[in-house]
Number of protein chains: 2
Amino acid sequence: MAGVTDETPGLSPEELGAYFAVMEVSSLLQYAVDAHLRAEGDLSYVQFQILARLVDAPDGRLRMTDLADGVVYSRSGLTYQAGLLDKRGLITRSSSPDDERVIVVTVTDSGRGLVARVLPGHVADVRRLLFDPMATGDLAALSEVLGRVRAHMRATPPRSAKPRAKRRGAG
Amino acid sequence: MAGVTDETPGLSPEELGAYFAVMEVSSLLQYAVDAHLRAEGDLSYVQFQILARLVDAPDGRLRMTDLADGVVYSRSGLTYQAGLLDKRGLITRSSSPDDERVIVVTVTDSGRGLVARVLPGHVADVRRLLFDPMATGDLAALSEVLGRVRAHMRATPPRSAKPRAKRRGAG
DNA sequence: TATTGTTATACTCTATAACTATA
DNA sequence: TATAGTTATAGAGTATAACAATA
């Protein structure tokens, strides 16, 4: 892409390289991690993220909306995934006493067990691919840079952020 | 995930944070960029990558295999995407005189035009999301760290790296 | 036989819109 | 009316295996 046009705006060669590096590293990392999760636990990365969030939540419970917010996907997409996890006995769903509209998702022991089973390999993958090649100070540097970027991203809705049934002001 | 088990091996809280940051940043970045490409040029990120690679290649030509290697996907997946791009007149495909098995993919002027048209916005997205929030020195630091990681990844086949065509041993 | 690429096919995933029900 | 979630459905994308053709 370096020579696309003579007036390619904006990105210096270094920036372009950094951008490509981010995308390639994350792509390969996700590919490897996803493959491992599927092989070890028959879980997609999304499913693993859902379970991991639940395992980390107080009492292992979260509302559907909380999960949807975290995993970015649409509500119907989450319903689909939750249906699969439910069918496998990895989670349960029950309506909340406080608000009958709300569905509370809870990880089952089986779900916890599965997470515990795939986690070591998952972590090992991440370590091998992401952290092993790093030099001293790299971790701190990466954390700081990406921390800043992430904070900025979170504060800046993508543009056409469609909070589905939300968004009232702010056109 | 911090408290998954008492003996979660491997990753320190800082490493876990960095890992999550990498995945979240890349995910949001790709989501935003993909949305822009679709809106501006009716191109998926994968399709854009194919075109961008071609635009950057000598004479705007690459073999199918070269493209498949770069985009990671399966050969049939590339054939599918190439079919879509071909149908839209953004690329052409012709067999190589050197090796009749080989299909050479070439970007058309139309394809170049489309890339040129969506590139400014694409670049602007990347700048806004990835580089604007960075502090002085962040770019260099990120490049160095991820450069190392990427080099390591490239040198280390994921695992059962598909030998491209077949696999006979290893079940 | 090995390699390049296509095709047929089945499947996973995601998004949209319509719908139910609760608040 | 607004929110939480589901369902119906349709479409994009991907992987696998069988296939044809060339080396």
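All chains are named by letter (A, B, ...) in the order of the sequence lines, taking the proteins before the strands, and each is independently numbered beginning at 1.
Distances from the side chain of A:Met64 to the nucleotides C:dT16, C:dA23, D:dG5 place D:dG5 closest. Side chain of A:Arg63, nearest nucleotide from D:dA4, D:dG13, D:dT22: D:dA4. Listed nucleotides D:dT16, D:dT6, D:dT7 differ in distance to A:Ser76; the shortest reach to its side chain belongs to D:dT7. Looking at the side chain of A:Thr65, the nearest of the listed nucleotides C:dC13, D:dG5, D:dG13 is D:dG5. Of the candidate nucleotides D:dA23, D:dG13, C:dT12, D:dG13 has the atom nearest to the side chain of B:Tyr80.
Judged purely by atom type and a 3.5 angstrom limit, A:Ser95 has no side-chain atom pairing as donor or acceptor with the backbone of A:Val102. Between the side chain of B:Arg117 and the backbone N or O of B:Glu40 there is at least one donor-acceptor pair closer than 3.5 Å. Side-chain atoms of A:Asp138 never come within 3.5 Å of backbone atoms of B:Val145 as a donor-acceptor pair (strictly under, hydrogens ignored).
Rounded to whole Å, atom P of D:dA12 lies 9 Å from atom CG of B:Leu84. Protein atom CG of A:Leu85 is 14 Å distant from nucleotide atom C1' of C:dT12, rounded to whole Å. Computed from coordinates, the A:Lys87 NZ to C:dT12 C1' distance equals 12 Å when rounded to whole Å. As a whole-Å value, the separation of A:Asp34 CG from D:dA15 C1' is 13 Å. Residue A:Leu62 contributes atom CG, which lies 11 Å from atom P of D:dG5 at whole-angstrom precision. Atoms CZ (A:Arg93) and P (D:dG5) sit 11 Å apart, rounded to a whole Å. Straight-line distance from the CD atom of A:Glu100 to the P atom of C:dT20: 18 Å, rounded to whole Å. For the pair B:Ile103 CD1 and C:dT3 P, the interatomic distance rounds to 18 Å; values are reported in whole Å.
An OP1 or OP2 oxygen of D:dT6 is reached within less than 4.0 angstrom by no side-chain nitrogen or oxygen of A:Arg75. In this structure, B:Arg38 does not reach the C:dT14 phosphate: none of its side-chain N or O atoms is under 4.0 Å from OP1 or OP2.
Checking A:Arg101 against A:Gln47, the closest nucleotide of DNA chain C that is more toward the 5' end is the one next to A:Gln47. Across the interface with DNA chain C, nearest-nucleotide mapping of A:Gln81 and B:Asp66 shows B:Asp66 to be the residue nearer the 5′ end.
Put simply, the side chain of B:Asp86 reaches to within 4.5 Å of the side chain of B:Ile91, judged on heavy atoms.
The nearest pair of heavy atoms linking B:Arg112 to B:Gly60 is NH2-CA, 3.6 Å.
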